[in-house]
Amino acid sequence: MATALDPQQRPNSYRTGPDEHGHFGNHGGRFVAETLMPNILELEAAYNQAKADPAFQAELDSWFKDYVGRPSPLYLAQRLTDHLGGARVYFKRDELNHTGAHKINNCVGQILLATRMGKKRIIAETGAGQHGVATATVAARFGLECVIYMGERDIERQQPNVFRMRLLGAEVRPVKSGSRTLKDAMNEALRDWVTNVRDTFYIIGSVAGPHPYPAMVRDFQSIIGTEARAQIQEKEGRLPDLLVAAVGGGSNAMGLFHPFLDDAEVGIVAVEAAGDGVETGRHAAAMTAGQPGVLHGMRSYLMQDNDGQIIEPHSISAGLDYPGIGPEHSWLKDVGRIEVAVATDAEALEAFAICSKLEGILPALEPCHALAEVTKRAPAMRSDQIIIMNLCGRGDKDIYTVAEHMGVRL
Amino acid sequence: MSPTRIERRFADLQKEGRAGLITFICGGDPNPQAFQAILAGLLAAGADLIEIGMPFSDPMADGPTIQAGNLRALAAGMTLARLLTQVTAFREKDKTTPVVLMGYYNPIHRYGATRFLDDAFAAGVDGLIIVDLPPEEDEELCLPALEKGLNFIRLATPTTDSARLPAVLGNTSGFIYYVSITGITGAASPVADAVGDAVAHLRRHTELPVAVGFGIRTPEQAAGIARIADAAVVGSALVEEIASRVETSKADSAELIGAVHARVRGLAAAVRAARKDSAEPGA
């Protein structure tokens with residue numbers, strides 16, 4: 001297994017992956033049942049064709065602008081910056097998108113592709129419910145049948161999003177197997193896909209799953225980093241010193257990071273959910289504490305025991321409660337291009353409070369993990385240095401969870 | 001390379017002019033002790049090949065029945081290493097019945113692919129079915145397994161069209177496993193006519209024996225498959241038998257073991273008789 005490479009072994013560009021087999025170094029691939037292989041290959045061909053078609057890109061841009069509300073602002077969090085007393089902290093405001101998170105970027109891209117491929121039925125898995133809401137939203141807009149798989153435990157802690165999906169006309173199917181969270185929802189969505197493979201398009205919500213999903217979702221989410229790169233140059237006349245984003249499956253992070261990967265002066269930190277603390281075993285930090293393994297169609301870092309059984313992850317944030325991580329992140333960690341940090345539930349809640357009170361923004365618990373890392377790093381940096389953090393979702397969906405931790409009954 | 005137990009067994013079945021019965025049980029279900037006893041009696045009950053699930057926490061291509069079997073085994077302390085020990089014990093007494101391990105790649109990946117192949121071969125395992133290793137990932141385990149002298153059995157499905165079939169058959173050996181439905185294990189039962197067409201289609205592309213599985217539950221259904229294919233695979237129905245006994249008579253494992261063997265006897269009798277009374281309608 002590759003670890004950090006010698007400098008001379010490093011690639012000329014970090015942005016050319018994956019290879020034709022969907023591999024990012026040792027990670028990625030297509031570890032799926034034969035029933036799905038024809039579909040995976042069909043999807044890959046259709047995506048390659050769409051990607052090369054200027055009309056598809058123009059259509060996507062138009063939906064980004066008029067439906068999603070892009071570009072999202074790059075906002076200087078001045079009071080937070082003053083409070084931390086170090087680097088200038090910018091938020092990439094993807095929480096202002098339609099449906100309240102970055103997830104819609106990818107859903108718009110995939111539903112355009114599904115329509116091109118003539119598929120009639122949409123399925124998706126969801127953890128926090130943000131990807132489910134975004135999928136239900138585009139399915140409603142494009143008039144396609146939509147089934148969302150969601151773990152029973154996530155349904156309990158994300159009631160508002162469950163109701164939103166139903167209002168949008170989607171069927172939310174509770175998943176009762178395993179830990180009843182995101183990984184089990186993904187298992188169940190794959191089972192549905194195996195059963196209804198001919199007419200169904202599976203909109204995977206993260207840079208995870210079998211090739212071509214990790215690359216395709218990254219491409220759709222890269223609008224975040226492409227915008228941020230242009231915006232910071234306009235505001236500051238230069239690139240940032242540091243990018244920080246939370247990773248569950250890793251889509252918001254990859255969206256921000258990818259356009260900067262070849263800018264050697266830009267440091268990059270992916271923040272994993274440490275739950276009760278990595279040392280307790282109750283966490284969701286696959287790159288920090290996991291080993292390479294194969295799940296959900298890909299090889300990547302994975303939380304597993306010595307017998308290769310998947311360990312149930314834990315995080316206060318349903319969107320980070322996943323035992324794996326997108327394969328491109330694993331590769332970028334192996335080659336030393338990204339740093340991996342962790343933030344606990346308690347640190348995320350503290351960041352939630354700081355952001356709410358200082359900036360007038362209720363952040364989702366997912367980016368609160370990134371913010372926790374920012375609060376650790378910014379004070380040690382100079383005031384002329386710049387951090388961009390992906391504020392990838394808004395916190396309205398999380399107020400019940402936060403209230404519970406504060407001992408408040410709503 | 002000399003023929004494997006799987007190849008010899010199918011050659012024998014062909015001489016006898018009948019199809020075989022392949023039974024599937026999750027390794028270690030409902031617990032390792034009872035599983036060992038179930039395994040020991042399968043041949044006497046009429047199984048021709050034995051397929052054993054390697055327990056996994058996240059069996060993505062399996063329905064609720066086999067998921068539950070996996071979880072029962074894991075909860076009872078089953079591991080891949082322990083399964084190989086149990087196959088070794090079985091093989092000391094039974095030198096001829098082929099044993100095929102079926103499952104997902106991650107436990108093998110964690111065990112170490114090379115070490116796993118060495119240990120599985122030494123234990124007397126004859127073939128592997130790894131659901132999430134399509135031909136695109138053959139370098140992972142399929143090619144090293146073939147080199148080691150193990151059969152690597154691939155699934156063909158209703159979505160495997162003529163363009164795809166050569167890739168699926170390419171490195172497959174022992175037999176080809178036709179999944180009779182698009183779906184997960186234990187789901188709807190297959191339509192015999194469609195399966196017949198599919199088996200005929202496979203036979204035009206390969207000399208390998210064709211086994212058919214997924215959704216075969218009753219002796220009648222097994223007999224129907226036995227008339228058109230070289231073997232019928234029954235899994236969920238046996239795992240269900242275990243599940244129902246675990247729920248109703250917790251302590252009595254002798255009764256559970258007996259019930260599974262009785263179920264296998266019924267299926268085996270139907271499979272053995274299938275081609276003798278094939279003129280009879282209503283199967």
Side-chain angles (χ1 to χ4, degrees), chain A residues 1 20-23 26 28-42 44 175-179 183-184 186-200 210-211 290-300 302-312 323-324, chain B residues 54-64 67-68 70-71 74 77-83 103-112 116 130-137 139-141 154-161 163-165 167-168 172 177-179 181-185 187-188 214:
Chain A
M1 202 48 54
E20 60 186 304
H21 305 293
H23 293 131
N26 289 319
R30 287 175 285 213
F31 296 90
V32 296
E34 180 56 37
T35 315
L36 293 179
M37 272 314 298
N39 252 40
I40 296 275
L41 296 172
E42 180 198 9
E44 186 186 358
V175 176
K176 301 173 187 352
S177 58
S179 58
K183 87 168 166 74
D184 310 287
M186 200 155 177
N187 289 339
E188 213 53 43
L190 284 164
R191 288 181 187 119
D192 180 312
W193 204 24
V194 167
T195 308
N196 302 295
V197 64
R198 290 188 177 92
D199 69 339
T200 297
H211 178 64
Q291 301 81 26
V294 173
L295 183 72
H296 294 154
M298 61 181 174
R299 177 167 26 228
S300 198
L302 191 57
M303 292 173 58
Q304 55 184 317
D305 67 16
N306 289 332
D307 191 40
Q309 309 301 335
I310 309 307
I311 294 174
E312 293 177 2
Chain B
M54 294 176 277
F56 185 45
S57 53
D58 293 75
M60 272 118 25
D62 285 297
Q67 288 175 45
N70 276 278
L71 295 180
L74 290 172
M78 197 62 187
T79 63
L80 185 52
R82 192 159 180 182
L83 179 57
Y104 298 81
Y105 187 38
N106 197 57
I108 295 171
H109 188 268
R110 185 81 174 121
Y111 193 97
F116 169 78
I130 311 298
V131 177
D132 52 355
L133 284 178
E136 279 72 10
E137 305 291 349
E139 285 172 24
E140 292 283 336
L141 192 71
R154 196 97 61 188
L155 308 181
T157 78
T159 62
T160 313
D161 57 18
R164 176 76 186 156
L165 200 50
V168 172
T172 299
Y177 186 142
Y178 180 67
V179 174
I181 48 166
T182 53
I184 52 180
T185 53
F214 279 41

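Numbers restart at 1 for each chain; the letters A, B, ... are given by sequence-line order, proteins then strands.
Of the atoms belonging to B:Asp161, not a single heavy atom falls under 4.5 Å from chain A. In this structure, chain B has no heavy atom under 4.5 Å from any part of A:His211. Heavy atoms closer than 4.5 Å to chain A are found in the side chain of B:Leu74, but not in its backbone. At a 4.5 Å heavy-atom cutoff, the contact between A:Leu302 and chain B is made by side-chain atoms alone. The part of A:Asp184 that comes within reach of chain B is its side chain, from C-beta onward, which places non-hydrogen atoms under 4.5 angstrom from that chain. Proximity to chain A is limited to the backbone of B:Met78, based on heavy atoms less than 4.5 angstrom apart. Both the backbone and the side chain of B:Phe56 come within contact range of chain A, judged by heavy atoms closer than 4.5 Å.
Considering only heavy atoms from C-beta on, A:Leu41 comes within 4.5 Å of B:Arg164 through its side chain. Looking at heavy atoms from C-beta onward, B:Arg110 lies in side-chain contact with A:Asn306 at the 4.5 angstrom threshold. Inter-residue side-chain proximity for A:Arg191 and B:Pro64 is flagged as unmet; no heavy-atom pair is nearer than 4.5 Å. Within the 4.5 Å cutoff, the side chain of B:Met60 has heavy atoms near those of the A:His296 side chain. A:Gln304 is not listed as a side-chain neighbour of B:Pro107, based on a closest heavy-atom distance of 4.5 Å or more.
Residue with the most contacts toward chain B among A:Glu188, A:Gln291, A:Met186: A:Gln291 (heavy-atom pairs, distance under 4.5 Å). Between chain A and the options B:Thr79, B:Asp58, B:Val131, B:Val179, the largest number of non-hydrogen pairs under 4.5 Å is found for B:Asp58.
Nearest heavy atom pair, residue A:Glu34 against residue B:Pro135, reads OE1-CD, 3.5 Å. Nearest approach of B:Pro134 to A:Phe31, heavy atoms of both residues: CD-CA, 4.2 Å. Closest non-hydrogen pair, A:Ser177 versus B:Gln67, comes out as CB-OE1, 3.5 Å. Of all heavy-atom pairs between A:Asp307 and B:Leu80, the closest is OD1-N, 3.2 Å.
Between the side chain of B:Asn106 and the backbone N or O of A:Val294 there is at least one donor-acceptor pair closer than 3.5 Å. Proximity of a side-chain donor or acceptor of B:Asp132 to a complementary backbone N or O of A:Leu295 within less than 3.5 Å is not detected. Under a 3.5 Å cut-off, the side chain of A:Gln309 and the backbone N or O of B:Pro55 do form a donor-acceptor pair. Judged purely by atom type and a 3.5 angstrom limit, B:Glu136 has no side-chain atom pairing as donor or acceptor with the backbone of A:His21.
The structure places CG of A:Leu36 at 8.5 Å from OG1 of B:Thr157, a figure rounded to the nearest 0.5 Å. Between the CZ atom of B:Phe214 and the OG1 atom of A:Thr35 there is a distance of 7.0 Å, given to the nearest 0.5 Å.
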